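It should be emphasised that the depicted structure is a prediction, and the values quoted were computed from it without experimental measurement.
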There are 2 protein chains.
Amino acid sequence: MSNTTPRRLDDQLCFAFYSASKKFNHFYQDALKPFHLTYPQYITLLALWETSPMTVRELGSHLNLDSGTLTPLLKRLEKQGWISRKRSDQDERQVNVAVTPYALEKRDEVYARVNNCIDLMSFDGVDYQTLLAQIHQVMGELDTISTQDLIQEA
Amino acid sequence: MSNTTPRRLDDQLCFAFYSASKKFNHFYQDALKPFHLTYPQYITLLALWETSPMTVRELGSHLNLDSGTLTPLLKRLEKQGWISRKRSDQDERQVNVAVTPYALEKRDEVYARVNNCIDLMSFDGVDYQTLLAQIHQVMGELDTISTQDLIQEA
DNA sequence: AGCAATTTAGTTGCACACGATTAATCCAAT
DNA sequence: ATTGGATTAATCGTGTGCAACTAAATTGCT
């Protein structure tokens, strides 16, 4: 109850992630412009190029997105011909999402475009693995904080 | 044109920022629940607690947000009594955004709540300054890539 | 078998985020 | 003094992101 100084550093850490995420999003938006894909749509396709078909739930647990986000996103991808959605015969609650032949045909082109754009960057002073590990550690820490902990002092 | 392998590592870096940003957002959403503030609203107030008044443009350049995002956000903050919006007399194009007495009164309480929630985390294995520096370096690299570079090979 | 609890995807409502456009205002150069 | 260009905030349209809820289907328990 005594600490009334803004945590500049911690705020900066969150703000850094917030800003970096937006910048990356913008970067991919430009890189993927030839395909009319957004970053969330791109990572959805990435997951499906690796494993297809997947149910909406499986996709969601890979991408950390719920059906409220995925359903409209998948409808847009379907409309543009990248994926198909079909209710499972075995369990009619599930919807199987699969890449289309068009998506398979375009896959290498998308990979090449993204790789070429990434090549424009030079991560010289960046220790890639350490950075990734630290981010994961921060995320792990965020996961350990339960909503309960936060609520109890509200 | 030859590299058709997905850049798992780079995708992972972007995805790590993307995921961490969402987790942080959720963390602050919970922490700020007693005040009915979102994270973007909170950083807007942080900026204004430091400098008030500011024009929408000045706020936007601090937070990297444009008027399309800020105008509705500021209207919500105004409606809830945190800020005031008044068109400048000197230059009627500008709108001066200022914290209200209510916001000043609540400031320390918000700081304390955020600090208490951050205290729940332990950034043990994390070298805070190095992490921040690396994130800034990545952001700097993203800034150097101009849209032109990305467009030319589209 | 029958029914309650669970699971799944979809829907709704709200809040960003941003590109593109618009309207009002200011400024600068004639 | 006018006017053309620049600046500023607001607006519009699209696309997430998520909490809360709904409807349908499945599972589990007796």
Below 4.5 Å, heavy atoms only, C-beta onward: do A:Phe123 and A:Leu131 meet side chain to side chain?
no

Residue-phosphate contact under 4.0 Å: B:Lys23 side-chain N/O, D:dC18 OP1/OP2:
no

Heavy-atom pair of closest approach, residues B:Tyr102 and B:Gly81:
CD2-O, 3.5 Å

Could you say whether A:Glu58 or A:Asn25 is positioned toward the 5' end of DNA chain C, judged by the nucleotide with the nearest heavy atom to each?
A:Glu58

Side-chain donor or acceptor of B:Ser67 paired with backbone N/O of B:Leu70 under 3.5 Å
no

Could you tell me which residues satisfy side chain to side chain donor-acceptor pair (under 3.5 Å) with A:Gln80, sequence neighbours excluded, listed by chain and number?
none

Is it true that atom CZ of A:Arg85 has more than 12 heavy atoms of other residues, nucleotides or ligands lying nearer than 6.0 Å?
yes

For A:Asn64, which contact category applies under a 4.0 Å heavy-atom criterion: base, sugar-phosphate, or nothing?
sugar-phosphate

Say whether A:Asp11 and B:Tyr28, considering side chains only, have a donor N or O and an acceptor N or O under 3.5 Å apart.
yes

Most 5' of A:Arg85 and A:Tyr18 on DNA chain C, judged by nearest nucleotide
A:Arg85

Need one value for A:Leu65: base, sugar-phosphate or nothing, where a base atom within 4.0 Å counts as base even if backbone is also close, heavy atoms only.
sugar-phosphate

Note: B:Ser19 and A:Met139 closest approach over all heavy atoms is CB-SD, 3.7 Å

Note: A:Lys106 and A:Trp82 closest approach over all heavy atoms is CB-CZ3, 3.8 Å

Where along nucleotides 21-27 of chain D does protein come under 4.0 Å, by heavy atom, of base (B) or sugar-phosphate alone (S), with - for untouched nucleotides?
----BS-

Below 4.0 angstrom from OP1 or OP2 of D:dA9, is there any side-chain N or O of B:Thr55?
yes

Restricting to nitrogen or oxygen on both sides, can you table the protein-nucleotides 13-15 of chain C pairs closer than 3.5 Å?
none

Looking at A:Ser67, I'd like to know whether one of its side-chain N or O atoms comes within less than 4.0 Å of OP1 or OP2 on C:dA9.
no

Please give, in whole Å, the distance from D:dT8 P to B:Leu74 CG?
16 Å

Please tell me which of the listed nucleotides, D:dT11, C:dA9, C:dC18, lies nearest to the side chain of A:Val56?
C:dA9

Taking only N and O in the side chain of B:Thr71, is any of them less than 4.0 Å away from OP1 or OP2 of D:dA10?
yes

Quick one: is C:dG19 close enough that its OP1 or OP2 comes under 4.0 Å of any side-chain N or O from A:His26?
yes

